[in-house]
Amino acid sequence: QTHPAQLAEFNDEVIVGAVLYSVEKYVAKTVIPLRKYLKKSSQYKLSEKLLKDIDENKNKPFSDFLMKRTLQKYLEANSSYHILTKDNLKNPLPKNKVNVFFTIEGCHSLVDSTNFVDDTHRYDPAEVLSNLDKVQQKVKILAINLTHLQQSSLCNQAFGMQVADSTAFFPSGNGLQNDGRKVIQGFFDRKICPDLKHMSFKSRRDLMADIDAKKLTNVQPLVCTHAGFTGMSFKDWAGHIQLKKPLSGALYLEITKRYREDNATFNASTINLFDEEIVWIVKNGGVIGLSMDRRILGYVDKFDDDPTGISGTERIVDKEFFSKTEWLSLGIKDSEIGKTITAENCLTMEILEEKTEQAMSERDEYFHDHILNHIRHYFQVCADAGIPLLTAQKQIVIGTDFDGLINPFINMPTVERMKNVRTYISMNLKYYLNDFPEAKKWAAEMNIDTFMEDLFYSNGLRFVKKRFEV
């Protein structure tokens with residue numbers, strides 16, 4: 001989905017956040033039987049031996065996978081990559097190389113001593129931060145996810161594994177842990193931004209509350225690098241849940257998708273940001289990157305695995321596994337479940353088929369509208385919170401997550417189509433906004449050409465420069 005050969009097709013300079021990520025134990029174990037479905041040319045990257053070595057912790061997450069297999073390859077490929085520094089950012093960026101800055105996805109990638117967590121195996125904050133310092137001796141890290149897909153001792157994760165048997169990835173923790181607080185403080189002391197993606201809602205809320213209560217020092221902005229939105233406030237979330245069922249130590253949830261005529265829907269799973277989180281991030285100087293994963297942007301396909309869930313209705317649902325402990329800790333009342341669901345306000349299989357089985361141009365418009373809907377919602381939430389449009393406009397970027405594993409829309413499957421996405425947004429955003437009475441009030445203030453440059457380039461470059469200067 002992103003390859004130097006694809007990026008070379010762009011005429012302008014290209015800036016990419018390269019993610020240093022070590023494949024997790026249970027991810028490796030899950031992928032082994034799925035290798036046969038990969039293209040032959042791709043299988044060598046994830047050989048069965050490598051995956052087994054990862055599972056058995058013979059291939060160490062930090063020293064082997066992150067440092068040798070990933071970071072060192074970037075450092076050696078200086079004919080293809082221009083690694084950004086504080087000094088070279090003062091000069092015009094080259095157009096014949098990919099300009100790269102680095103983030104780390106999951107603190108498991110900074111640990112060699114164990115590749116899983118249970119009652120006796122924990123991620124040691126001292127080891128995490130010591131290994132982080134080793135990385136920073138080679139390159140500057142701008143942001144780090146505290147957790148990723150499998151259980152961590154630093155914080156609870158949001159459910160995010162959509163492949164094969166996902167039991168090993170069910171969240172079971174309860175928010176931000178004290179070891180996680182030590183690691184976050186270590187990030188702040190090193191002027192690194194925590195990336196909220198993959199943290200559970202309660203973990204995110206705990207972190208924001210700690211910052212508001214001034215329990216942490218040297219605070220840096222919070223980012224969410226490849227995000228989607230739930231489209232609602234957390235206080236309204238339970239009202240859209242149609243099913244809550246205990247399953248394999250977690251809670252299985254089915255969340256209906258709010259539908260407004262001719263409009264796209266959101267993904268209300270808690271891996272996505274709630275309205276109050278958008279406001280907090282923007283007010284505190286952070287940045288949100290819009291993912292291009294169709295599931296994260298709210299689109300469920302009729303051919304996806306059980307798109308209507310197990311409840312026996314025709315409603316399209318978002319399915320989530322939720323920590324029982326967090327459910328209790330958040331004080332969610334069963335009496336609130338399903339209170340706002342009506343026959344008229346939910347996306348159904350009939351509507352989905354009508355939207356996707358029409359002329360290709362109309363189908364593609366429906367796909368693109370999921371992006372426009374996110375942009376509209378972002379600005380509306382900011383406007384409702386009293387954030388000036390020109391402020392909000394500077395704190396949203398494209399964070400595609402084109403890592404080869406996400407599910408993109410079929411009309412924008414790789415980074416090569418981002419030019420088409422930009423053109424579509426540029427030509428249609430104002431018309432789209434004017435169909436919403438509330439958005440119409442502020443849409444007139446927006447200069448589309450300026451916003452396009454901000455969204456696809458200037459905001460990201462400005463934030464990266466600022467992070468190198470702190």
Side-chain angles (χ1 to χ4, degrees), residues 17 19-22 24-25 57 60-63 65-67 70-71 102-158 160 171-225 271 277 280-281 284 286 323 326 467 470:
V19 178
L20 303 178
Y21 160 70
S22 303
E24 289 136 296
K25 172 185 174 68
N57 207 25
K60 299 295 184 180
F62 173 69
S63 56
F65 207 100
L66 187 148
M67 293 296 278
T70 309
L71 178 57
F102 290 98
T103 68
I104 296 176
E105 187 146 38
C107 287
H108 71 279
S109 300
L110 293 167
V111 175
D112 278 346
S113 57
T114 182
N115 64 351
F116 69 100
V117 163
D118 61 15
D119 290 341
T120 57
H121 296 80
R122 321 291 288 173
Y123 296 145
D124 180 4
E127 183 182 4
V128 170
L129 297 174
S130 173
N131 286 336
L132 173 57
D133 289 338
K134 294 174 185 175
V135 179
Q136 292 228 108
Q137 289 171 7
K138 294 180 178 291
V139 295
K140 181 173 176 59
I141 299 300
L142 270 62
I144 304 177
N145 303 83
L146 198 60
T147 190
H148 193 230
L149 295 174
Q150 69 184 40
Q151 197 64 52
S152 169
S153 54
L154 305 179
C155 72
N156 196 35
Q157 84 279 18
S172 59
N174 186 16
L176 184 62
Q177 300 299 299
N178 286 333
D179 279 352
R181 291 180 170 92
K182 292 176 185 176
V183 172
I184 292 287
Q185 185 59 66
F187 292 171
F188 287 164
D189 292 341
R190 290 160 176 80
K191 303 296 191 290
I192 294 171
C193 297
D195 185 347
L196 297 175
K197 184 61 187 273
H198 296 293
M199 295 173 72
S200 69
F201 168 70
K202 186 173 186 298
S203 297
R204 303 192 303 259
R205 192 174 78 167
D206 288 348
L207 176 55
M208 293 175 186
D210 282 357
I211 292 173
D212 288 341
K214 302 191 184 308
K215 293 181 180 178
L216 296 159
T217 59
N218 299 324
V219 173
Q220 305 299 307
L222 304 187
V223 300
C224 197
T225 53
I271 197 169
E277 297 179 292
W280 196 100
I281 292 169
N284 288 275
S323 165
E326 280 197 347
R467 298 317 304 165
V470 294

request  = Classify the side-chain pair Asp118/Thr120 by whether it contains a donor and acceptor separated by less than 3.5 Å.
outcome  = yes
message = Please check this pair: side chain of Gln220 against backbone of Asn218, looking for a donor-acceptor N/O pair closer than 3.5 Å.
response = yes
message = Check whether Glu326 reaches the backbone of Gly175 with its side chain - one donor and one acceptor, N or O, closer than 3.5 Å.
response = yes
note = Heavy atoms of Pro171 and Ala158 approach each other most closely as CG-C, 4.2 Å
ask   = So which heavy atom on Pro221 is nearest to which on Arg467, and how close?
value = CD-NH1, 3.5 Å
ask   = Is there side-chain contact between Glu24 and Asn115, with heavy atoms separated by less than 4.5 Å?
value = no
key: Pairwise side-chain contact, Ile271 with Phe201, heavy-atom cut-off 4.5 Å (strictly under)   = no
query = Is the His108 ring parallel, tilted or perpendicular to the His148 ring (thresholds 30°, 60°)?
reply = parallel
message = Using side-chain contact (heavy atoms from CB on, under 4.5 Å), reason through Ile281 and Leu196 one step at a time and then give a plain yes or no.
response = CA-CA 10 Å; Ile281 292 169; Leu196 297 175; 3.7 Å; yes
query = Would you say Gln157 and Leu149 make side-chain contact, with heavy atoms under 4.5 Å?
reply = no
ask   = Rounded to the nearest 0.5 Å, what separation is found between the CE atom of Met199 and the CG atom of Leu222?
value = 8.5 Å
inquiry  = Looking at Phe188, is its backbone amide N or carbonyl O close enough to the side chain of Lys191 to form a donor-acceptor pair, meaning the two atoms are under 3.5 Å apart?
reply    = no
key: Rounded distance [0.5 Å steps], CG in Leu207 versus CG in Asp212   = 9.5 Å
task = Please round to the nearest 0.5 Å and tell me the distance separating atom OG of Ser63 and atom CG of Asn131.
result = 8.0 Å
ask   = For Gly186, does its backbone N or O pair with a side-chain atom of Arg190 as donor and acceptor, under 3.5 Å?
value = yes
ask   = How far apart are the C-alpha atoms of Asn156 and Ser203, what are their side-chain angles, what is the distance that settles it, and do they pass the side-chain hydrogen bond (donor to acceptor under 3.5 Å, both in side chains) test?
value = CA-CA 6 Å; Asn156 196 35; Ser203 297; 5.5 Å; no
ask   = Is any side-chain heavy atom of Val139 less than 4.5 Å from a side-chain heavy atom of Leu71?
value = yes
ask   = Less than 4.5 Å apart, any side-chain heavy atom of Arg181 and any of Leu176?
value = yes
Validation row: Leu142, Cys193 side chains within 4.5 angstrom (heavy atoms) = no
Beyond-backbone contact of Phe62 with Ser130, side-chain heavy atoms, under 4.5 angstrom = no
query = Heavy-atom distance under 4.5 Å between the side chains of Asp112 and Glu127, does that happen here?
reply = yes
Pair Asp179 + Arg122, salt bridge at N-O below 4.0 Å = no
query = How far apart are the closest heavy atoms of Gln136 and Ile141, and which atoms are they?
reply = OE1-N, 2.9 Å
request  = Might you work through the side-chain hydrogen bond (donor to acceptor under 3.5 Å, both in side chains) test for Asp133 and Gln137, ending with a clear yes or no?
outcome  = CA-CA 6 Å; Asp133 289 338; Gln137 289 171 7; over 6 Å; no
task = Return the minimal non-hydrogen interatomic distance between Val117 and Ser153, and the atom names on each side.
result = CG2-N, 3.7 Å
